[in-house]
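See below for the structure under consideration.
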Amino acid sequence: MRRISLVLLLAACRGWGNLPDQDNVYTGPLWDPNAVWSTPDGLYLSLPASKGLGLLDPATGKLEKVVLEGDVDVIRAAPDGERLAVFTDERVCKDPDGELEDCDDFTDKRRLAVVQGGRAEVTVDISEGWNQLTFTPDGRTALLSIDTTLLDDVGAVLDLTSLLAVNLDDGASATVHVGFAPDELLFTTLPDGTNDRAVVLAYGEVAVVDLMASPPIRTVSFPLVLDPDDIAVPSDVVLTPDGNHAMLSIAGATELYILDLLNPNINIVDLDAPPVAMNVSAEADNTLIVSTSASSFTLVDHQFFDATVIEIDEPKSAVLDGGAFDLLWSPKQGQDVLRVDPLTGGVVEYRLQTAPTQLLLSPTEEFAIALTAQNQDFGSPFYGHPGLEILNLASEDVQPLLLESQGIAAAFTATEGSLHALILQEGVDYVYALDLYGGQNIEIDLEEPPITIGALSDGNFYVTHDDPMGLISIVDPDGDVTLLSGFATTGIFDAFGPSESGDY
Amino acid sequence: MRALYVLVLQSGCGASYDLAMGEANSSGWSATDAGDYGAPSMTTSPPPPEDESDRLRSVPAQTDVYVFIANPDRDTLTRVHVATSSVVTTTVGVTPTLVVTTPDYQTAVVLNGGDDTISLVDAPTLDQTVVPVRPNLNRLDLSPDGRWAIAWHDAFTEIEEDPPEGVVSFNEASLVEVATGQHVPMIVGYRPRSVAFTADGRLAALISDDYVAAIDLTVGSPTPKLIELDPGAIDPPTAEEMILDASGTWAFVRQFGSNDIRVVDLISSDVGSVPVGANPTDMDLTPDAGQAAIVARDAAELWLLDAADPYAPAEILDIPPGAEAGQVLFDATGQTAVLFTTAVAVDRYATWNLSSDVLVERALVKPADTVTLAPGGETLVVFHSKTDAPETDPAFQGEWAVSMIDLGNFVASPVVLPSAATGYAHSNNGELGYFMMDGEMTLVRLDYQTLLFHEIALLSEPEFLGVLPDLDPTDDDQPATWASQVHDLGRISFYDPDDDTLETLTGFELNAGIED
Amino acid sequence: MWTILFAPAALALPPMEVAIEVGSLHNGDSAYDVVSDEDIVTSVGLRGGIAVAGPLHVVVGWHRASQGASVFAGETAFQSAYQANEWTGGLKGVWHLHDVIQPYVSAQALVLQGAFKFDGDASDDDNIDQLVERAVHPGGMATLGACATVPLPDWPAQPALWLEGGIAGVSRATYGNFGDMAAGGFIFRAGAGVQF
């Protein structure tokens with residue numbers, strides 16, 4: 001009897017290496033290692049399976065679900081790096097006493113929550129469809145728009161010509177007509193830091209919204225074409241530092257539209273080639289423009305909007321703002337990275353071994369790191385290998401390093417007297433830590449290959465891994481690694497429960 | 001012969017610009033002589049056809065600081081402040097075709113061909129008064145004092161492809177008082193050809209085929225007095241050109257195919273004739289307004305009639321026959337005149353010293369197409385035709401060309417051009433001039449003192465140009481020049497000759513669509 | 001009344017019983033979906049009983065449930081498992097109707113001692129992704145059953161088969177950060193043992 005009982009007990013009590021496995025069950029990802037936001041509160045994580053948002057404390061590894069009304073649909077980070085905007089959906093029974101499972105007459109509620117400190121500070125009821133959000137830099141207002149590419153299905157008539165302006169202090173909201181398919185927004189700033197106007201790019205027109213009015217109203221609308229049959233889709237826009245002019249490029253066209261926001265009128269400057277990227281220099285009071293169609297860049301001054309063309313060896317398609325300088329480069333094309341002084345147009349050329357896939361600027365603007373693709377030049381020492389090149393922006397030095405695998409991400413952290421960069425390589429379970437001041441570079445082993453990397457507010461890094469139960473490595477620049485694991489199972493039962501948005 | 005578009009800015013005054021060849025009428029604004037339609041002045045042949053498409057383009061006008069551009073496609077008027085480059089566009093009537101500015105720079109007068117109205121636009125504020133006028137009017141002139149605007153129908157500038165619709169009258173004109181918007185419609189005679197004003201603006205006269213319509217502009221509600229040129233005649237010769245004497249007493253009328261000048265007493269309405277030489281081809285008032293000068297080309301004579309006493313015996317001067325002159329052009333100083341022809345391929349011209357009445361034949365590098373004098377009277381500018389004379393220098397054979405000629409020492413500075421000139425303008429200080437060419441994205445600056453040319457590159461082909469008035473000739477600053485250019489969204493450039501800089505505004509047509 | 005209902009049969013009912021049981025408990029809680037795609041907790045255990053007064057028996061039991069699954073969360077997967085001890089104890093009233101078939105009713109306390117386990121790598125006995133949370137759910141059960149025996153008066157014991165079904169329920173309990181779960185509904189037990 002005791003032997004049978006023992007056998008039975010042994011059969012019933014299995015160890016970690018021998019868990020029962022009778023079924024397969026399916027759910028969505030418990031977390032998304034690519035959807036992580038670092039704020040002073042901690043790391044906010046998207047929890048797709050439970051349609052929630054969690055806040056992970058890097059110190060304890062504990063995940064707390066942020067209490068929101070409804071299921072999370074879209075999450076956007078505020079430019080201040082401290083808040084998140086979260087769109088939620090909830091299906092509620094019109095009968096306040098009714099249960100949703102038994103309800104025949106229900107309504108869908110959509111809300112916008114601004115999350116900070118692990119909770120929703122402001123929650124605003126909005127109508128269906130709004131799924132894009134832009135914060136004003138001063139944090140007073142959020143401007144919502146509709147990105148139809150993110151809509152799965154449409155359950156109502158949607159107005160694609162308006163923005164929804166939400167006052168984040170009191171939750172008041174108002175619709176502002178700005179034109180069809182509003183896309184990019186810029187803001188002008190008063191000396192006290194308040195954003196007084198929004199410049200909105202729409203299809204064939206540009207609208208200016210007065211944010212100081214209550215409710216916000218459109219004050220000016222600039223047409224970009226005369227004939228409605230003509231199409232002019234804005235591709236990029238910048239504001240002059242004084243906020244008086246918006247400079248607007250049109251997809252595929254060489255015209256640069258200069259919109260006078262103070263005394264509304266339009267001037268068009270013809271460039272040599274269609275712009276693909278623009279960057280404003282406050283110090284030089286001009287805008288640098290690059291194009292893939294010309295081996296040159298153009299400096300447009302902000303007083304007379306005269307264009308000065310400066311020839312270079314290779315076309316460039318991207319501009320990295322370094323404050324007092326700009327870095328011109330092209331992803332996966334060309335081997336030159338150019339440091340340009342927008343004041344003088346002077347160019348310093350950095351020649352890389354291979355075309356860069358990513359170019360990142362250190363927070364101190366002293367170094368740039370280029371992650372390069374696998375070299376295809378048979379005669380190059382880098383042939384067949386990806387690389388990493390450290391550009392010393394104070395000089396013309398480039399330090400090339402051969403990587404074991406394709407560099408996929410990098411992050412910087414700077415403290416008093418130190419500057420570090422961590423480099424992730426695809427499929428490799430260590431990060432390469434660069435000490436940019438000291439020059440002592442080390443490999444830091446990871447539990448698993450990394451997915452993304454970012455910086456924490458305390459100077460450490462976080463590295464996410466593709467672990468279904470949640471795995472983040474907290475990496476100290478000196479090489480110490482702390483693992484946060486299993487946090488994605490927090491509230492796992494909710495991932496299998498009924499959805500608040502009505503998905504059963 | 002190609003029509004050359006003349007944009008002439010008189011000293012200290014606003015101007016309108018229309019697209020006709022020839023010299024400016026010294027006593028009024030924008031009047032064009034009958035012989036200035038681009039065809040050679042022939043005794044019996046009718047005027048050549050105009051370039052109608054350009055005639056329909058809106059003609060910008062200017063004040064001391066603004067340039068006005070009407071856009072018939074958008075029913076708008078754009079005002080550009082030259083100094084600040086600020087652009088404001090306002091909606092006017094339907095299809096604005098012509099705009100002129102008053103000499104006090106306060107009002108822009110716009111003729112809206114699409115809805116038969118005139119818009120009186122306050123230049124600084126753009127406030128408007130809309131005045132309905134008679135239908136199908138296509139010409140607009142202002143009295144020298146800017147008090148009255150006359151709109152009338154010029155049958156010779158109609159577009160064949162877009163003829164007038166409905167009941168069409170060829171007799172009518174609309175007189176509008178600029179300050180009040182008072183409209184006085186009137187009959188002025190069949191097919192009016194031009195308008196002339198006395199210098200003081202007291203009198204206007206319209207010449208039509210068979211009548212002179214004299215309008216006393218000093219009364220509250222002016223009415224025309226129609227004076228028949230050939231009373232009782234069944235098929236009289238049609239009038240070709242008219243000038244007025246300074247007092248407004250006499251009108252001198254040149255008729256097609258007639259060797260006489262009809263003299264019309266505008267007060268008594270009596271009409272008489274004064275014979276002049278064979279085939280009078282041009283007529284003008286001398287700068288002192290003392291004489292009417294008539295060029296009788298076939299006779300190679302210059303007939304000078306006393307403007308105050310037309311029937312007094314005429315003074316006759318012989319024109320050097322080699323010049324084959326058919327036109328006369330006086331400089332503003334009244335010291336020199338130039339006689340030339342644009343109908344015959346001769347590389348000659350003649351100068352006439354008004355003090356000594358000496359006429360001297362002189363050489364050109366090749367035949368002339370258009371001739372103009374710098375406002376200071378010191379420099380002659382000749383735009384040459386492509387046609388060569390028998391002895392044209394090989395460097396200029398078969399080429400377009402332009403010459404600047406110092407009338408003091410007759411030193412000439414000719415240059416070859418890539419294409420025909422299509423318009424020019426002088427600065428009123430007489431120091432600089434500008435011209436543009438067909439199909440060329442260039443503005444050319446003429447220095448009347450050094451006789452040098454300077455090319456200014458534009459972003460697109462210019463359509464019209466002008467020079468702002470020099471309000472203070474004593475300073476060393478040259479006034480700015482503007483050139484509107486071909487661009488779907490509107491383009492205008494401003495050139496500062498002092499520092500040789502060009503500023504271009506593009507897209508101002510969009511400003512009409514700005515919702516503010 | 002009791003005498004009428006439970007009139008003794010020809011033979012006396014053996015006072016004690018032990019058996020091996022299998023059982024199932026309905027669990028429709030969504031939390032259980034982590035380990036199973038069906039709403040049933042199956043178990044195996046032991047039961048014992050002793051007559052205390054006439055038809056009344058005291059019964060006690062223990063069941064062990066062990067259910068697991070491969071959880072496919074998006075494109076990755078991990079192992080889940082639910083292991084529980086079901087402790088029961090209570091009274092059974094037997095209607096000694098016949099020497100062979102004896103219907104009965106039972107009312108027992110039920111304590112569910114559960115554990116949810118998640119393992120990121122089931123092939124590795126020791127990895128960082130091994131999480132367990134435990135909870136205890138008190139509850140109860142009431143069943144109707146029948147026992148079938150083969151009377152062997154000359155033997156010290158006789159075989160018996162039990163079959164019972166009823167309702168059971170346990171309270172909601174929290175499994176740490178995973179969430180909470182309750183269980184309840186139809187319960188089924190079947191056993192084979194001896195009476196002596």
Side-chain angles (χ1 to χ4, degrees), chain A residues 161 176-179 197 199-200 202 204-210 217-232 234 244-250 253-272 300-309, chain B residues 58 66-91 124-126 441 456-461 480 482 484-496 499-516:
Chain A
T161 66
V176 184
H177 176 78
V178 293
R197 290 173 298 180
V199 178
V200 184
E205 64 181 296
V206 175
V208 179
V209 177
D210 182 358
I217 56 169
R218 183 190 72 179
T219 53
V220 185
S221 176
F222 294 88
L224 301 180
V225 292
L226 287 177
D227 187 342
D229 293 332
D230 293 336
I231 296 173
N244 289 337
H245 292 86
M247 300 169 67
L248 185 75
S249 63
I250 304 297
T254 60
E255 286 89 355
L256 185 71
Y257 283 63
I258 314 294
L259 309 182
D260 188 332
L261 305 179
L262 207 57
N263 303 299
N265 71 77
I266 299 171
N267 186 21
I268 299 174
V269 173
D270 260 326
L271 303 174
D272 288 350
V300 178
D301 79 282
H302 294 157
Q303 187 179 10
F304 302 108
F305 300 99
D306 292 330
T308 304
V309 178
Chain B
S58 64
Y66 297 119
V67 173
F68 286 92
I69 303 168
N71 180 23
D73 296 331
R74 303 289 165 207
D75 302 340
T76 58
L77 180 73
T78 295
R79 185 194 71 189
V80 182
H81 192 294
V82 177
T84 65
S85 301
S86 72
V87 177
V88 181
T89 298
T90 185
T91 303
T125 66
L126 296 181
M441 299 192 294
I456 303 142
L458 301 175
L459 296 180
S460 50
E461 188 177 343
W482 55 266
S484 64
Q485 294 149 65
V486 174
H487 194 283
D488 288 343
L489 301 179
R491 170 173 285 157
I492 187 167
S493 294
F494 304 99
Y495 173 71
D496 184 346
D499 50 19
D500 195 26
T501 56
L502 186 76
E503 183 186 354
T504 300
L505 286 183
T506 306
F508 57 78
E509 293 294 347
L510 291 170
N511 291 340
I514 294 177
E515 296 174 19
D516 190 351

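Just so it is clear: chains get the letters A, B, ... in the order the sequence lines come, proteins before strands, and each one is counted from 1. Keep in mind the model is a prediction, meaning the values are calculated, not measured.
Proximity to chain A (any heavy atom under 4.5 Å) is shown, for B/Thr89, by neither the backbone nor the side chain. For B/Asp488, the part lying under 4.5 angstrom from a heavy atom of chain A is the backbone only. Heavy atoms closer than 4.5 Å to chain B are found in the backbone of A/Leu224, but not in its side chain. Heavy-atom distances place the backbone of A/Val225, and not its side chain, under 4.5 Å from chain B.
Side-chain contact between A/Pro264 and B/Ile514: present, with at least one pair of heavy atoms (C-beta onward) separated by less than 4.5 Å.
When all heavy atoms are compared, the tightest approach of B/Leu510 to A/Pro223 is O-CG, 3.3 Å. Heavy-atom minimum distance, A/Leu226 versus B/Glu509: CD2-O, 3.6 Å. Shown here for B/Val87 and A/Asn265, the closest heavy-atom pair between the two residues is O-CB, 3.5 Å.
Taking NE2 of B/His487 as the start and CD1 of A/Ile268 as the end, the distance is 5.5 Å to the nearest 0.5 Å. Separating the CG atom in B/Leu505 from the CD1 atom in A/Ile266 is a distance of 12.0 Å, to the nearest 0.5 Å. With rounding to the nearest 0.5 Å, the separation of CG in B/Leu459 from CG in A/Asp270 is 6.5 Å.
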Original post:
Is there a side-chain contact (heavy atoms from CB on, under 4.5 Å) between A/Tyr257 and B/Leu489 once you walk through the steps?
Top reply: CA-CA 11 Å; A/Tyr257 283 63; B/Leu489 301 179; 3.7 Å; yes
